[in-house]
Amino acid sequence: MSALRDPQYRWLVGSYLAMSTTTHLVLAAVPYFAEYELGRPGLTTVLVAAFVAPALIATPVWVVVARRIGKQPGLLIAQAAFVLGSLVLALGSAAGLPVLIGAVAVLGIAFAAMQLLPFSMVPDVIRASGADGTTRAGTYTGVWTAAEATGGALGPYVYSACLAIGGFVASTAGTSVVQPETAHTWIRLGFGLVPAVLMIVAMLLQRKYTLDRTLR
């Protein structure tokens, strides 16, 4: 596609694809983590709330951060915070429930930046590409939407792969299955370590984007 010929846009949308995959992976993993790692399926609602509520509150703060230090530095800070929070989650129940809820809240705060800042960087790329880019703005936004949808589909598949590697045994409604130890390990790693690795990939791609430095 013509938008992908723009090197700045390629790095930006590539990073966003990795971020979208990561966040959707985490959301898909929450019920498994709550039930099999924490042993309390009801905590799914608590963990989701701990993710969503801070994201809503933090959005105006990220606007201020972006104005002061720039969009890309703010995004890199958010990505780094997401990595650290994910690594805490990889510890599982050993970390303690309050610590785990706090780590999920950190992910939610970072998520707010990862929704806000990349979207605001796309118009910068379009403007920087000149008149030719402006006429192809629809292509830029179309590819962006496709990347978001692809990440939304890939995230759950990646976590499903983690469960398959661990030998997770599916159960039907009303039945209880004892999972092998490897399944418990991969339920935890898929919720923590794998998202951390994917977000590091997003950071490495994001650092290739240099337009933000010229705009400040």
Side-chain angles (χ1 to χ4, degrees), residues 1-33 44 47-48 51-52 55-56 59 62 71-72 74-76 78-83 85-86 89-90 104 107-126 128-129 133 135-166 168 186-187 189-212:
M1 295 183 181
S2 58
L4 295 177
R5 297 193 191 105
D6 186 332
Q8 295 292 336
Y9 184 73
R10 279 202 306 272
W11 295 121
L12 184 62
V13 77
S15 178
Y16 186 69
L17 174 60
M19 285 187 286
S20 180
T21 301
T22 305
T23 54
H24 283 90
L25 184 161
V26 169
L27 291 173
V30 167
Y32 294 90
F33 188 80
T44 298
L47 294 177
V48 171
F51 183 86
V52 174
L56 297 175
T59 299
W62 285 115
K71 298 173 185 177
Q72 186 184 35
L75 182 55
L76 289 170
Q79 290 171 324
F82 195 100
V83 170
S86 296
L89 293 175
V104 171
L107 264 58
I109 292 170
F111 176 72
M114 292 187 293
Q115 287 294 293
L116 173 70
L117 299 181
F119 276 96
S120 68
M121 294 159 78
V122 175
D124 295 338
V125 175
I126 295 174
S129 61
T135 60
R136 292 184 286 110
T139 304
Y140 282 84
T141 55
V143 172
W144 192 266
T145 302
E148 183 176 22
T150 301
L154 283 177
Y157 276 114
V158 173
Y159 192 68
S160 295
C162 292
L163 296 179
I165 292 171
F168 180 84
W186 277 96
I187 286 169
L189 295 183
F191 189 56
L193 183 61
V194 174
V197 171
L198 289 174
M199 193 57 67
I200 289 172
V201 172
M203 292 179 70
L204 294 175
L205 293 172
Q206 184 59 43
R207 286 182 61 84
K208 297 287 187 178
Y209 174 86
T210 59
L211 182 59
D212 190 71

Set out, in order, the CA-CA distance, both residues' side-chain angles and the distance that settles side chain to side chain contact (heavy atoms under 4.5 Å, CB included) for Leu89 and Leu107, then state yes or no. CA-CA 10 Å; Leu89 293 175; Leu107 264 58; 3.7 Å; yes
Aromatic contact, Phe51 with Phe111 (centres under 6.0 Å): yes
Look at the aromatic rings of Phe119 and Tyr16 and report parallel, tilted or perpendicular, splitting at 30° and 60°. perpendicular
Greater than 12 external heavy atoms within 6.0 Å of Tyr157's OH: no
Close side-chain approach of Met19 and Leu75, heavy atoms under 4.5 Å: yes
Just wondering, do Met199 and Met114 contact through their side chains at under 4.5 Å, heavy atoms? yes
What are the two closest non-hydrogen atoms of Glu148 and Ser20, and how far apart are they? O-OG, 3.2 Å
Please give me the minimum heavy-atom distance between Ser120 and Lys71, naming the atom from each residue. O-NZ, 3.0 Å
Going from CG on Leu27 to OG1 on Thr44, what distance comes out if it is rounded to the nearest 0.5 angstrom? 11.5 Å
Side chain proximity check, Trp186 to Leu163, heavy atoms < 4.5 angstrom: no
Which atom names give the shortest non-hydrogen contact between Ser86 and Pro195, and what distance separates them? OG-CB, 3.9 Å
Under a 3.5 Å distance rule, please check whether Tyr209 uses its side chain to pair with a backbone N or O of Gln72 as donor and acceptor. no
Gap separating the CG atom of Leu117 from the CG atom of Leu12, nearest 0.5 angstrom: 10.5 Å
Is there side-chain contact between Gln206 and Met121, with at least one heavy-atom pair below 4.5 Å? yes
Identify the residue among Leu25, Leu189, Val194, Ile187 that makes a side chain to side chain contact (heavy atoms under 4.5 Å, CB included) with Cys162. Val194
Value rounded to 0.5 Å, distance of CD in Gln79 from CG in Leu205: 9.0 Å
Check the pair Leu154 / His24 against side chain to side chain contact (heavy atoms under 4.5 Å, CB included), numbers first and verdict last. CA-CA 8 Å; Leu154 283 177; His24 283 90; over 6 Å; no
Does the side chain of Phe168 reach to within under 4.5 Å of the side chain of Ser160, using non-hydrogen atoms? no
Could you tell me whether the side chain of Trp62 and the main chain of Ala110 form a donor-acceptor pair under 3.5 Å? no
Do other residues, nucleotides or ligands put more than 12 heavy atoms under 6.0 Å from Trp11 CH2? no
Show the nearest heavy-atom pair for residues Leu198 and Ala18, with the distance to one decimal. O-CB, 4.1 Å
Close side-chain approach of Leu4 to Val13, heavy-atom, < 4.5 Å: yes
Apply the test side chain to side chain contact (heavy atoms under 4.5 Å, CB included) to residues Val143 and Tyr9: give CA-CA distance (whole Å), side-chain angles for both, the deciding distance (0.1 Å), then the verdict. CA-CA 10 Å; Val143 172; Tyr9 184 73; 3.4 Å; yes
If every non-hydrogen atom of Ala28 is compared with every non-hydrogen atom of Pro31, which pair is closest and at what distance? O-CD, 3.4 Å
For the pair Gln8 (side chain) and Leu211 (backbone), establish whether a donor and an acceptor sit closer than 3.5 Å, ignoring hydrogens and angles. yes
Atom pair NZ (Lys208) and OG1 (Thr210), whose distance is rounded to the nearest 0.5 Å: 10.5 Å
Evaluate the criterion side chain to side chain contact (heavy atoms under 4.5 Å, CB included) for residue pair Tyr140 and Val125; output intermediate values, then yes/no. CA-CA 9 Å; Tyr140 282 84; Val125 175; 3.8 Å; yes
Nearest 0.5 Å, please: how far is OG1 in Thr139 from CG in Asp6? 11.5 Å
Looking at Ala196 and Val83, what are the two nearest heavy atoms and their distance? O-CG2, 3.8 Å
What about Phe191 and Tyr159, are their ring centers closer than 6.0 Å? no
